[in-house]
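All values below come from the heavy atoms of this structure, side chains included, with hydrogens, waters and symmetry mates left out.
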Amino acid sequence: MTYLREAEASGDAGKVDFYSGVCDVFAGIRAWHQNILDHLSGHQPADEAEAARLRKLREVLTRIPFKPARTFYEAILTHVFVMYLDFCDNPGRLDIELAPYYEPDLAAGRITRAEALELLRELCRIVCDNDTWSATIGGTNPKGSPAFSEVTDLCLEAVIGHHRPNYQLRIRPDMPDSTWGAALDAIAAATGQPALHNEMLYLKSLKNAIPDLTDDDLAWWAGAGCTETLIQGRTNCGSLDAGFNLPWILEQSLHKHLIASPDFESFVSSFEAELVENIAHVTGLLNDIQRDRAIAMPHPMRTILHQDCIERGLDFNAGGARYNWGVLTLAGLANVADSLAALRDVVFSQGFCSKAALLDALKADFAGYDELLARLVRAPKFGNDAQDVDDLAAHVFSTACDEIARHRTYQGSGPYLPSCIIFMGAPAAGMDVGALPDGRRAREPIADSIGPYQGRDKNGPTATIRSVTKLPLHRAIGTPVFNLRIQPSALKSKSGRMRVRSLVEAYFELGGMQLQFSVVDQETLQDAIDNPEQYANLAVRVGGFSGLFTILSPELQQAILARTLHEA
């Protein structure tokens, strides 16, 4: 009301309208809140235990969310209430916010560790039931110190048996052994949790990409939706504003430019020119959409959750947040790298077939071109530590990141951040793409996020991570998602767990940004496809999130089955 009175006193009609609308939103929230209390009062409990739980819940709801939480229970309930209000895709740094409630409660005897664990398990169940998304744990506090606590470990323990929330564990070199143990326990439980993020490289890369980020704000980075980078409570971040189907752009370039290209380098230049043109076109369209959204699509709920919007008297979609940026994803990089390597070797270097013959084979989806297809398949493939193809991937990736960095969003003139996050879209994106020189047949799925094409990484996980880290991953600060499947047996022994930990640490030391595991063997996946009723809780990592395997599309199930299964 203070802001409204100030706006009325100044005669600012626009601000008066804004703050009047905010007051209406709060009035609606209070009415909904009262409806909840009335429902609880009228509910008949089945027994005294349920009656006691309802009395406690109603007592707490007379305070929150309109007054600050005082206990661990009240803090968790506040998070749940806000989740229902906004269907928020990431409540932020859950452990760093809950620890100041847990530790005093534990010391005073108001809660036990087991009770706190059960509350966090209930939070997981609520998130799963409502199909909401992520939360961020670990990492660095605003003072620059490690932010790990017993609550971090409890979050990891509680998520076992649940496919949500998608915990983003921010790993520092000084992460405690207890947290490593809890993380490996969760990974071994085969629910796809948690995703692992390279904390120090994220902090450095975000600061380089967005120099006006303050150090205090920087500490509050989190991943919206799956894992699209934002600053908690301070950012309007497009959750994958748009994506670029790199194999589709390559296919168009082959048919437009290959015949006229005198050499391989000329064709690559033509393809990259098409890529640059696509990025410029799409960012222009996005800015038009953002302009229209600022005028005609206010976001009142998200507005009231951002203090900057309230202080500025400006809607969330009109640039009211402190930071405004977008995330653009690059899809199918491995297909492009593999295709360019095959094109260079089989057509330009070896002269096995003419450019026209290759195009004819692609149009025919390789029907009648078995020998040519075999040659293309034998060409080097990304994911096997083969320098020549890895360099091609890095060159294309850098070109795309350079062009994306040139463009700014309409809202607040913030940057667009590159990413490589393929949710469930690899099969769908492949439906739009014909046969490619890498040997991929028409309408098959494209490559999964930043990793190799499914099943082509043949030289073990070390070779795979060496290929991936030859990319300038720090440029894709919107997050380059990297899926890795490992045998369940890899986590059954102490030595196996140490190898998995060492693999993660090596990946991050080489420049990896994000890594997520699916721990399931071929036989289990195939049996789940054949007998889905027996595997209702089987979870796998998909894009930047965990999903229940049996409810995924058949095409996506096959794409996950095709991923290489590694021994750690």
Side-chain angles (χ1 to χ4, degrees), residues 68 72 75 79 90-104 106-107 134-156 165-183 194-224 227-235 237 306-308 321-325 327 414-415 417 419 469 472-480 501 504-515:
F72 188 75
H79 273 287
N90 189 319
R93 304 195 61 187
L94 196 63
D95 58 340
I96 202 174
E97 293 192 334
L98 292 178
Y101 299 95
Y102 171 72
E103 291 157 4
L106 190 68
S134 304
T136 304
I137 55 177
T140 305
N141 65 32
K143 295 181 179 180
S145 303
F148 307 98
S149 67
E150 187 171 2
V151 177
T152 313
D153 298 355
L154 283 167
C155 287
L156 292 167
N166 295 295
Y167 276 123
Q168 301 153 1
L169 176 60
R170 293 163 50 171
I171 294 179
R172 293 167 49 115
D174 55 4
M175 189 168 82
D177 287 341
S178 66
T179 306
W180 269 112
L196 311 175
H197 294 249
N198 186 345
E199 168 76 341
M200 309 318 288
L201 188 53
Y202 264 93
L203 293 175
K204 179 181 178 181
S205 301
L206 260 173
K207 189 67 175 178
N208 288 339
I210 310 167
D212 62 340
L213 272 178
T214 67
D215 289 341
D216 181 68
D217 288 348
L218 181 61
W220 292 94
W221 76 266
T227 185
E228 298 94 288
T229 307
L230 52 66
I231 307 299
Q232 176 184 334
R234 300 158 176 83
T235 315
C237 166
H306 282 72
Q307 183 63 29
D308 293 286
R322 186 175 308 180
Y323 304 107
N324 295 269
W325 59 62
V327 175
L417 304 181
S419 70
T469 53
L473 298 174
H474 65 281
R475 301 286 307 279
I477 195 61
T479 295
R501 174 175 170 175
V504 174
E505 290 173 327
Y507 180 63
F508 286 168
E509 287 173 8
L510 288 169
M513 293 283 285
Q514 188 265 14
L515 174 62

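Between I96 and P142 the shortest side-chain heavy-atom distance falls below 4.5 Å. Taking 4.5 Å as the limit, some side-chain heavy atom of P173 sits within range of a side-chain heavy atom of M200. Looking at heavy atoms from C-beta onward, Y102 lies in side-chain contact with L154 at the 4.5 angstrom threshold. T469 has its side chain out of reach of E509: every pair of non-hydrogen atoms, C-beta onward, lies at least 4.5 Å apart. Counting heavy atoms from C-beta on, the side chains of P91 and E97 never come closer than 4.5 Å. Side-chain contact check for L213 versus Y323: some heavy-atom pair is nearer than 4.5 Å. The side-chain heavy atoms of L156 and P194, taken from C-beta on, include a pair separated by under 4.5 Å. Counting heavy atoms from C-beta on, the side chains of R322 and I231 never come closer than 4.5 Å.
When T479, T229, T140 are each tested for a side-chain hydrogen bond (donor to acceptor under 3.5 Å, both in side chains) with Y202, only one passes: T479.
The CD1 atom of I477 sits 11.5 Å away from atom NZ of K204, with the distance rounded to the nearest 0.5 Å. From L94, atom CG reaches atom OG of S134 across 11.5 Å, with rounding to the nearest 0.5 Å. Considering CD1 of I171 and CZ of F148, their distance stands at 7.5 Å, rounded to 0.5 Å. Going from atom CD of E150 over to atom CG of L98 covers 12.5 Å, rounded to the nearest 0.5 Å. Between atom OG1 of residue T136 and atom CG of residue N166 there is a gap of 10.5 Å, rounded to the nearest 0.5 Å. Once rounded to the nearest 0.5 Å, the distance linking CD of Q514 with CG of L169 reads 11.0 Å.
What you find for G478 and S419 is that their closest heavy atoms are C-CB, 3.6 Å. Considering every non-hydrogen atom in both H306 and G233, the closest pair reads CD2-O, 3.2 Å. Closest approach of R93 to G139, counting heavy atoms only: NH2-C, 3.9 Å.
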Worksheet entry | Step-by-step side chain to side chain contact (heavy atoms under 4.5 Å, CB included) determination, H474 to N208 | CA-CA 10 Å; H474 65 281; N208 288 339; 5.9 Å; no
Worksheet entry | Derivation of the side chain to side chain contact (heavy atoms under 4.5 Å, CB included) call for C237 and V327 | CA-CA 7 Å; C237 166; V327 175; 3.7 Å; yes
Fill in: Test log, rule side chain to side chain contact (heavy atoms under 4.5 Å, CB included), inputs T235 and W221
CA-CA 10 Å; T235 315; W221 76 266; over 6 Å; no
Worksheet entry | Residues Y101, V151; criterion side chain to side chain contact (heavy atoms under 4.5 Å, CB included); working and verdict | CA-CA 10 Å; Y101 299 95; V151 177; over 6 Å; no
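Listed for the R234 side chain is a donor-acceptor partner under 3.5 Å among the backbone atoms of Q232. A side-chain donor-acceptor contact under 3.5 Å links N198 to the backbone of F508. Looking at D95, its side chain does come within 3.5 Å of a backbone N or O of G138 through a donor-acceptor pair. Using modelled atom types, one side-chain atom of S205 and one backbone atom of L201 make a donor-acceptor pair closer than 3.5 Å.
Within the structure, every pair that satisfies the salt bridge (Lys or Arg N to Asp or Glu O under 4.0 Å) test and touches residues 170-182, not counting sequence neighbours, is listed here: R170-E199, R172-D174, D177-R501.
Residues passing the side chain to side chain contact (heavy atoms under 4.5 Å, CB included) test with P415, sequence neighbours excluded: I210, W325, R408, L417. Applying the side chain to side chain contact (heavy atoms under 4.5 Å, CB included) criterion to D215, with sequence neighbours excluded, gives K207.
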